[in-house]
Each structure stands twice: as C-alpha cells, then as structure tokens.
Student: 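Mind having a look at this structure? Questions to follow.
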Amino acid sequence: MSILPEKCINLILEQAGVIAVTDKDAKYIFVNKRWEEDTGISKEKAIGKYNHDLIEGSRALIAIKTGQAVIGDVLIKTQNGKELPGVITYMPIFDGNDVAGCFISSSFLNVDQANAFLEKMEAVTAEYEFLKGEMKRRNGARYSVEDIIGQSDAVKRLKEQIYLAGASNSTVLINGETGTGKELVAHAIHSCGLRNIFPLVKVNCSAIPENLMESEFFGYEEGTFTGGKKGGRRGKFEEAHLGSLFLDEVNHLCLPMQPKLLRVLQEKEFERLGSSESTPINVRVIAATNVALSQLIRNGLFREDLFYRLNIINITVPPLRERKEDISLLVDCIIQKLNKQLNRNVKGITRETLTYLKEKEWPGNVRELHNALERAINASRNDELTRDCFTFDEVGDLRFLNSRRTPEYENADKPLSERKKNLEKEAILNTLEICGHNKSKAAKMLNISRTMLYKKMDKYQIACKL
C-alpha cells in the first residue's frame, strides 16, 4: 500500500525538529509533537492562540509585519519560564505579495549543537583563508584589480579590459610607457582569471643574457653543458604549466629566441636543451612592452609573425598625464604605503601642492610620482607635504620632454647589431633622465644591478652625472 502525499508530509513534520505555523495574525494553526514536548504545551491549547502569548520573546510577529526572515534567535522561553532549546528561525509565508503567516523551525536541537556547528564553521573558514593565502603566495601574483588606484574613465576602461582578458585564455600584449604599471596589470589579469590557482611566472626579457635565454625559457637536461645542475633544470614554461607566463619588456627579446618562442605558442610544446623529446605545455602568455613593437618590426628588430601571435588581446595602460584626476587618490595611497616603509606619519599634502603636482606632465608616470613623494617625505619635517618638499629638476623635466631626439636604432643604414646596442643605450639614457640620474633607482627601474648599470654606462660612454 503506497503512502499518500499528505501522510508523507505529516510524517516529516512530526519527525523533524521543532516546527510550528501561524496565520497572518501570528495565531498558531499547526504545531508538531516536538514543539509540544519542548514547550510543554499541548496542541489543543496552542491552536488559535497568539504566538507571542505563549512564547516569550518570539519574533514571529516581526517576520510577518516586515516580510523578512528572522534567523538565529536563541534563548527563547515559554511564558511559564521554561527555556526552549535550539536556534529558532522565523520565515514569512507569502500568498502572492501578501504575508499569509509564519513558518517557525529550530535549526538545531539545542544551543550546544549550534555552538558546535559554529566552531566547525570557524575552523573551515580559517582553513579556507590559510589555503587562499598559500595559493596567492605560490601563484606569484602579488596584485589584483583592486590594487589599481583611480576612478577616471581611463582606469575604468582599463579594469574592464582586465576582467575581459582574465576570462580568456588568449595571449595578451600590454602596451604602456615606463612607470605606468604594466606588471601590476599582468598580475591583475592572472588573479582574476581561471588560472589563478596555478603559478604566475615572471620573466624580464631585458635582464637575461642572450646566451642563457633559451635555457631560461625551456630548461636543460643533465649533462647538457659544464656547470649545469644535476638532474637538469626546469625552464620558465615548465614552471608556468597550467598558469601564466609574464614576459616583461618583451621588446628586448633577442632575434634568435623569437622564432623559438613563436613555435611554443603555435605548437603548445617545447624541447629542453639536450633533449630530443617534445614536452606538451599549457601556458597562457602575457607580454608587456614600453616600446611600440610595430616600430621595431619596421626596423627589423622584432618578428611580425610573433607580434601577431602575442597581440591577440591588446591592452594599453594610460599614462598619468591622461588621467590626472586620479593623482589625488594616488598621492593618498602612496603616502600611506611610504609612511609604513619610512616609519613616518605624514597626514597628506596641501591643496596648493596637489594643484602643482597635477600640472606636471609626469614622463615617468606613477613610478616617477612615487619617487617624488618618497623624496618629499624624506625632505619634510612636518606632517603635511608642502610645495617646498618637492625638488624637481624643472630644467631636466623640460629637457626630457623636448629633447625627444630621433632614436639611433631607427637609422636603417646601420647593421642590426649596432642598432640593438643603440636601442639599449637609448633605454638607459631615458631611464637615467626619468630618475634624475639616480643610479640606484635607474638600475632598479631597468631591473639590473647597479654594477651592471655602471658597466653599460661605461660601455656606451654615458656620462655619470652627480
């Protein structure tokens, strides 16, 4: 004999925890056996009575009047003082748009059960936060979209592009002047993408010597060359498997390496040095350049087919001069960070000084603004930065903006090797100008050691200004 639906429902109601139902006036129209046992009130005495007359502190009427559920009520008592166990929930019952009554139930049999559940939830939450932190530490991404400061239309468009790029697996080419925050954008793309639980591996193409570039990218087998690591070594592509590979300053990628990178992007496989076996790879490539690759292509310094392979999703990071309305937010954010780093307590900046900063062109973009604020904080003896704290080389700034000489690497009469050297010299000269000839900051911006910078300055006969 089959159980009728009505009987099945009644069995569930009777065997469940505390359950009661009221009408729109908060009068009981149903209570189950568990409710009778816990309250000590019979069904006959409860039906038709107001909920708040029988149960002290009941929230049923509140749920009915507001149309909002009341969840997590504890320490409820009957009118005779008997304490009711459990954690009570009051759910309004709707008939169309009108509240027709209230469904009352207990989530737990007693308060101890509820506390045990909360302890488990706290443990799960703590574990989740730990794993999230570990994932962020291991995947190499230090920044997210929230770290991009600004409310200008340019920044809003940039963030929208980042979210769209994060949802895709296609290669991304990030264009932008030096100091605009291209690496931050690359980190944000990886952080908001589907690969964010896997590594973000960073490669500065300008910092790897040409003769080591292939082993850096693809790794090598044991015994490939003298001094190699025992057991061989994984390359950057292997390290980034299932994650993202960020090629910073991809414009410095040497010509012999470019077709090899192109093959990996096309075939999704590579070979370690010293091996004849191909290894399949699943990597999303994000590249950044502060030089127009189209210009390098015209000068024979960059392969056109590699450019098209990289330039699937194109993101241009706006220079600071095109979003000066963000300078106020940037200044506040940078000052807060510098206060922690320098153990200072600078409150802010005067209105006159902020106006002055907004009038500047900032050829070094956010990085230059950061450096200027750091100098100003070190020079200030007050809790507010004034105009006098900023010691810009006005003549130097003007010279930088107006002396945009035609780069020597664009001279088509010179051989490729000499044009590559001129390109590197041009990059060093421009960086030194931006940093006010501060060698330490220039080396940091170029991502090379100070010793290497001096060697290159000596090689290209670049005067050392004090």
Side-chain angles (χ1 to χ4, degrees), residues 1-136 144 146 196-197:
M1 180 177 176
S2 62
I3 300 177
L4 295 174
E6 293 84 1
K7 189 174 182 181
C8 182
I9 292 171
N10 288 332
L11 285 172
I12 292 171
L13 291 175
E14 293 300 335
Q15 295 174 16
V18 174
I19 291 178
V21 181
T22 73
D23 62 13
K24 64 179 181 179
D25 297 318
K27 291 181 179 179
Y28 285 110
I29 58 175
F30 172 84
V31 295
N32 69 350
K33 287 184 179 179
R34 184 59 190 270
W35 186 94
E36 293 182 85
E37 293 171 359
D38 284 359
T39 61
I41 303 171
S42 67
K43 181 185 298 184
E44 290 73 20
K45 290 184 178 180
I47 301 301
K49 298 293 193 302
Y50 286 109
N51 160 262
H52 43 275
D53 284 345
L54 299 180
I55 307 298
E56 182 182 327
S58 175
R59 308 295 180 88
L61 195 59
I62 295 175
I64 292 171
K65 295 297 184 183
T66 64
Q68 301 290 325
V70 178
I71 301 172
D73 203 13
V74 295
L75 302 178
I76 306 302
K77 297 180 181 180
T78 61
Q79 292 291 24
N80 61 12
K82 182 178 180 180
E83 187 174 300
L84 301 180
V87 179
I88 312 299
T89 298
Y90 306 87
M91 297 291 295
I93 301 170
F94 286 90
D95 180 10
N97 293 327
D98 299 323
V99 178
C102 182
F103 180 82
I104 306 169
S105 65
S106 63
S107 303
F108 305 95
L109 296 179
N110 51 56
V111 174
D112 290 339
Q113 262 194 8
N115 289 334
F117 175 77
L118 288 175
E119 287 178 4
K120 288 182 180 179
M121 284 301 298
E122 288 175 359
V124 170
T125 302
E127 185 176 356
Y128 167 75
E129 291 297 330
F130 171 77
L131 292 174
K132 187 170 71 171
E134 280 293 292
M135 180 189 74
K136 187 173 182 180
S144 64
E146 289 72 26
N196 63 5
I197 62 173

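The structure displayed is predicted, hence computed values, not measured ones.
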Student: Could you pull out every donor-acceptor pair under 3.5 Å between side chains of residues 23-31 and any protein atom, sequence neighbours left out?
Tutor:
unit_1	atom_1	unit_2	atom_2	d
Asp23	OD1	Asp25	N	2.9
Asp23	OD1	Ala26	N	3.1
Asp23	OD1	Lys27	N	2.9
Tyr28	OH	Asn51	ND2	2.7

Student: Let me confirm one number: the OG1-NZ distance from Thr22 to Lys49, rounded to the nearest 0.5 Å.
Tutor: 15.0 Å

Student: Using a 4.5 Å cut-off on heavy atoms from C-beta on, say whether the side chain of Phe103 contacts that of Ile19.
Tutor: yes

Student: Distance check, rounded to the nearest 0.5 Å: Ile47 atom CD1 versus Glu44 atom CD?
Tutor: 8.5 Å

Student: Taking side chain as C-beta onward, heavy atoms only, is Trp35 less than 4.5 Å from Ile41?
Tutor: yes

Student: Please evaluate residues Leu54 and Thr39 with respect to the criterion side chain to side chain contact (heavy atoms under 4.5 Å, CB included), reporting the C-alpha separation (whole Å), side-chain torsions for both, the decisive distance (0.1 Å), and the verdict.
Tutor: CA-CA 9 Å; Leu54 299 180; Thr39 61; over 6 Å; no

Student: Closest approach of Lys43 and Glu36, non-hydrogen atoms and distance?
Tutor: N-OE1, 2.8 Å

Student: Indicate every side-chain donor-acceptor pair of residues 92-102 with a distance under 3.5 Å to a residue at least two apart or in another chain.
Tutor:
none

Student: Just how far is it from atom OH of Tyr90 to atom OG1 of Thr66, taken to the nearest 0.5 Å?
Tutor: 12.5 Å

